[in-house]
Colleague: 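Let me give you the structure first, and then I'll get to my questions.
Any value given below was found using the heavy atoms of this structure, including those in side chains, with hydrogens, waters and symmetry copies removed.
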Amino acid sequence: MANQTESTGPLTSVIDTNQNALKGKLLFSQNIQHNLVHKERFYCEHQVYDKNHLLHQILYKGLLVLKTFVNDSLKDKLNRLLFEFQDIENLAIQKKHFDKIIIDRKNNDYQKAINIAKIIILNYSPSLNYGNENLLTLLFDMNTLWEEYIFRILQKHKTEEIEVSCIDRSMLTP
């Protein structure tokens, strides 16, 4: 998520405005409704390059939630990322915000980061029994994980007369 947010720039967002100049597409029904008295104004729809985009708002919220869980070694990098998002509006992100996102060629680079942010923000957890959301899963060899855990505990509490070493697993596999 972090590497993707560092390299992306502003995206376009479509906004409706009531302005004095014709810019973009004129929305006739809204123009008649809002500007019947003010004939000098135009109700238009146009694109704006903006950093305060829904995708950035979701990523920002994901980083804020993540900040409560990370240890001190990651907080520095997380704070540097949050600095890049300082102009982004902090929304109360819900499932409906994720449903509004349409992935296209312009925002395809955001897809993995948005999926991870969805898991973090909506507090999803993988389950084989129910649910219809596709989630990212992490699978670990629990034997290797357990051996590494025991090695670190023994390494932490060893005395001078005891030598602790870990098995080189690359030598075991054919």
Side-chain angles (χ1 to χ4, degrees), residues 1-128 130-140 145:
M1 189 163 117
N3 293 338
Q4 289 179 338
T5 56
E6 289 173 353
S7 64
T8 55
L11 293 172
T12 59
S13 45
V14 177
I15 60 169
D16 296 345
T17 57
N18 197 9
Q19 56 196 18
N20 290 328
L22 180 60
K23 181 179 182 182
K25 180 172 72 171
L26 181 64
L27 302 173
F28 285 106
S29 61
Q30 285 93 344
N31 191 46
I32 292 169
Q33 182 181 4
H34 292 282
N35 298 326
L36 191 60
V37 178
H38 298 284
K39 305 259 186 230
E40 75 282 358
R41 299 184 66 81
F42 301 98
Y43 201 90
C44 303
E45 175 184 277
H46 59 90
Q47 290 184 339
V48 175
Y49 287 98
D50 190 14
K51 282 185 101 173
N52 195 16
H53 194 272
L54 179 61
L55 293 173
H56 289 164
Q57 292 166 350
I58 288 173
L59 293 176
Y60 178 57
K61 187 63 171 187
L63 290 172
L64 288 176
V65 172
L66 195 61
K67 189 176 181 178
T68 62
F69 298 116
V70 298
N71 58 17
D72 292 335
S73 65
L74 293 175
K75 280 205 178 179
D76 181 50
K77 184 161 185 154
L78 191 61
N79 285 332
R80 281 187 269 137
L81 277 171
L82 285 171
F83 180 75
E84 296 293 326
F85 286 89
Q86 65 186 357
D87 299 330
I88 306 298
E89 184 180 352
N90 186 6
L91 291 179
I93 302 294
Q94 300 172 352
K95 187 173 181 349
K96 67 180 180 179
H97 292 99
F98 290 98
D99 294 339
K100 289 181 186 178
I101 297 173
I102 298 170
I103 301 295
D104 58 11
R105 64 178 177 78
K106 293 179 184 175
N107 59 14
N108 192 33
D109 294 338
Y110 284 81
Q111 189 167 13
K112 283 184 183 177
I114 292 296
N115 289 340
I116 293 170
K118 184 176 186 178
I119 294 169
I120 293 169
I121 294 169
L122 299 179
N123 200 17
Y124 282 168
S125 61
S127 172
L128 297 174
Y130 58 91
N132 58 357
E133 293 288 333
N134 292 328
L135 296 179
L136 171 76
T137 57
L138 299 174
L139 301 174
F140 299 101
L145 190 62

Colleague: Could you report the tightest heavy-atom contact between L59 and A117, atom names first, then the distance?
Modeller: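 Heavy-atom minimum between the residues: CD2-CB, 4.3 Å.
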Colleague: Are the side chain of N115 and the backbone N or O of K118 linked by a donor-acceptor pair below 3.5 Å?
Modeller: no
Colleague: If I compare all heavy atoms of L74 with all of V70, which pair ends up nearest, and what's the gap?
Modeller: CB-CB, 4.1 Å
Colleague: For K39 and L36, indicate whether the former's side chain and the latter's backbone hold a donor-acceptor pair under 3.5 Å.
Modeller: yes
Colleague: Show the numbers, then the answer: is there a side-chain contact (heavy atoms from CB on, under 4.5 Å) between K25 and C44?
Modeller: CA-CA 5 Å; K25 180 172 72 171; C44 303; over 6 Å; no
Colleague: Any side-chain to backbone donor/acceptor pair from N79 onto K75? Under 3.5 Å, distance only.
Modeller: yes
Colleague: Between Y110 and H56, what is the ring plane arrangement, given parallel below 30°, perpendicular above 60°, and tilted in between?
Modeller: tilted
Colleague: Side chains of I121 and F98: closer than 4.5 Å at any heavy-atom pair?
Modeller: yes
Colleague: Test your reading of the model: is there a side-chain donor-acceptor pair from N90 to the backbone of K61, 3.5 Å cut-off?
Modeller: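 No; zero donor-acceptor contacts below 3.5 Å.
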Colleague: Which pair of non-hydrogen atoms, one from E89 and one from Y60, has the smallest distance, and what is that distance?
Modeller: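 What the structure gives for the nearest pair is O-CD2, 4.1 Å.
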Colleague: Could you check whether any side-chain N or O of H97 sits under 3.5 Å from a backbone N or O of Q94, counting only pairs where one atom can act as donor and the other as acceptor?
Modeller: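 Yes: the side chain of H97 pairs with the backbone of Q94.
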Colleague: Taking N31 for its side chain and Y43 for its backbone only, find out whether a donor-acceptor pair lies under 3.5 Å.
Modeller: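 A pair under 3.5 Å: yes.
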Colleague: Provide the closest heavy-atom pair for R41 versus N20 in the form atom of the first, atom of the second, distance.
Modeller: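 Taking every non-hydrogen atom into account, NH1-OD1, 3.0 Å.
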Colleague: State, to 0.1 Å, how close L66 and L78 come at their nearest heavy-atom pair, and which atoms those are.
Modeller: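 Closest approach of L66 to L78: C-CD2, 4.0 Å.
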Colleague: State, with a plain yes or no, whether a side-chain heavy atom of F42 is found less than 4.5 Å away from one of L27.
Modeller: no
Colleague: When rounded to the nearest 0.5 angstrom, what is the spacing between CG in N107 and CD1 in I101?
Modeller: 8.0 Å
